[in-house]
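We number each residue from 1, following the sequence as shown.
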Amino acid sequence: MNLGKKVASTLGALGAIAGLSLVNAPSAAASTPSGCSSVSQVGTTRVIQVGGIDAASVKQYYGCGYNYAYIYVWQQYRNTHTNWDLYVHIVNHSDSGTDYGDAELNNTTRSELWGPAADTAAFCTHATGYLNSTGGSTSKVC
């Protein structure tokens, strides 16, 4: 076999191995909410601690003219629990008695939950999320 064929064969094998590992690699990026593929985080991230460990993150995103609440359950919490309850929503500071863009999952093993689009972009808002009965809120964004 000539050198060119050996190089091509080796590169092909390496490409196949690399492709296999990429297919099986976990995603490092968060998903996006349904109906909007381009969102950006606004405000701070709130870390929820449960039993002395960092257990979940709550974030607020903006995109497509709407705000979105988001919660992510960290692997170290998922490793030690069989299921959990999640709840997220957007708080509009002009109407703080109403939850906007709220979503809830009970007895789930999902690692993340997006709230639906909240039509609150023209107001000062923050996101609040709960892992079981422990909650936290992001910073106020205007």
Trainee: Report the residues that fulfil ring-ring contact (aromatic ring centres under 6.0 Å, His included) with Y130, sequence neighbours left out, ordered by chain and then residue number.
Mentor: none
Trainee: Quick one: list whatever passes side chain to side chain contact (heavy atoms under 4.5 Å, CB included) with N106, sequence neighbours left out.
Mentor: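 N106: side chain to side chain contact (heavy atoms under 4.5 Å, CB included) contacts with D85, E104.
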Trainee: Residues two or more places apart in sequence or in another chain: which of them pass side chain to side chain contact (heavy atoms under 4.5 Å, CB included) with C124?
Mentor: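 So C124 forms a side chain to side chain contact (heavy atoms under 4.5 Å, CB included) with H93, K140, C142.
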Trainee: Among N92, T125, N67, which one satisfies side-chain hydrogen bond (donor to acceptor under 3.5 Å, both in side chains) with T120?
Mentor: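 Checked N92, T125, N67 against T120; only one passes side-chain hydrogen bond (donor to acceptor under 3.5 Å, both in side chains): N67.
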Trainee: Testing the basics here: between I71 and G129, what is the closest heavy-atom pair and its distance to 0.1 Å?
Mentor: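 Heavy-atom minimum between the residues: CD1-C, 4.2 Å.
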Trainee: Please name the pair of heavy atoms, one in L131 and one in A55, separated by the smallest distance, quoted to 0.1 Å.
Mentor: CD2-CB, 3.6 Å
Trainee: Does I90 sit in a hydrophobic cluster with other residues, and if so which ones, taking ILVMFWY side chains as linked at heavy-atom separations under 4.5 Å, directly or through other members?
Mentor: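 Reading the cluster by chain and number, I90 sits alongside Y100.
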Trainee: Taking side-chain hydrogen bond (donor to acceptor under 3.5 Å, both in side chains) as the definition, give me every residue that meets it alongside N79, ordered by chain and number, with sequence neighbours left out.
Mentor: Q75
Trainee: Going by side chain to side chain contact (heavy atoms under 4.5 Å, CB included), name the residues that satisfy it together with P33, two or more places apart in sequence or in a different chain.
Mentor: C36, V39, Y68, W114
Trainee: For side chain to side chain donor-acceptor pair (under 3.5 Å), just list the numbers for T109 and N83, CA-CA rounded to whole Å, side-chain angles, deciding distance to a tenth of an Å, and then say yes or no.
Mentor: CA-CA 5 Å; T109 58; N83 60 52; over 6 Å; no
Trainee: Taking distance alone, no hydrogens or angles, what donor-acceptor pairs closer than 3.5 Å link side-chain atoms of residues 42-52 to residues at least two apart or in another chain?
Mentor:
residue	atom	partner	partner atom	Å
T44	OG1	S139	N	3.1
T44	OG1	S139	OG	3.3
T45	OG1	Q41	NE2	2.8
Q49	NE2	D54	OD1	2.8

Trainee: Test side-chain contact (heavy atoms from CB on, under 4.5 Å) on T128 and V58; report intermediate values, then the result.
Mentor: CA-CA 7 Å; T128 296; V58 178; 5.8 Å; no
Trainee: Which distance, rounded to the nearest 0.5 Å, do you find between the OH of Y62 and the OG of S38?
Mentor: 10.5 Å
Trainee: Got a sec, which residues hit side-chain hydrogen bond (donor to acceptor under 3.5 Å, both in side chains) with T108, two or more places apart in sequence or on another chain?
Mentor: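 Partners of T108 by the side-chain hydrogen bond (donor to acceptor under 3.5 Å, both in side chains) criterion come out as none, since no residue qualifies.
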Trainee: Between W84 (side chain) and R110 (backbone), is there a donor-acceptor pair under 3.5 Å?
Mentor: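 Side chain of W84 to backbone of R110, a donor-acceptor pair under 3.5 Å: yes, one is there.
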Trainee: I'd like to check the side-chain hydrogen bond (donor to acceptor under 3.5 Å, both in side chains) partners of W74; sequence neighbours left out, ordered by chain and number.
Mentor: S57
Trainee: Minimum heavy-atom separation for G115 to V88, with atom names?
Mentor: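 So the two residues come closest at N-CG2, 3.8 Å.
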Trainee: Evaluate the side-chain contact (heavy atoms from CB on, under 4.5 Å) criterion for residues Q60 and V141: first the C-alpha distance (whole Å), next the side-chain angles of each, then the deciding distance (0.1 Å), finally the verdict.
Mentor: CA-CA 9 Å; Q60 180 177 196; V141 177; 4.0 Å; yes
Trainee: Could you tell me which non-hydrogen atom of Y77 sits nearest to which non-hydrogen atom of H81, and how far apart they are?
Mentor: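 Taking Y77 first and H81 second, the nearest heavy atoms are O-ND1, 3.0 Å.
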Trainee: Quick one: closest heavy-atom pair of G65 and A121, and the distance?
Mentor: O-CB, 3.6 Å
Trainee: Would you indicate whether the side-chain heavy atoms of F123 and S94 approach each other to under 4.5 Å?
Mentor: yes
Trainee: T138: which residues meet the side-chain hydrogen bond (donor to acceptor under 3.5 Å, both in side chains) condition with it, sequence neighbours left out?
Mentor: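 Scan of T138 (side-chain hydrogen bond (donor to acceptor under 3.5 Å, both in side chains), adjacent residues dropped) gives none.
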Trainee: Among residues at least two apart in sequence or on other chains, which ones pass side chain to side chain contact (heavy atoms under 4.5 Å, CB included) with D99?
Mentor: Y87, H89, D102
Trainee: Grab the two heavy atoms, one from Y70 and one from E112, that are nearest each other, plus how far apart they are.
Mentor: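 So the two residues come closest at OH-OE1, 2.5 Å.
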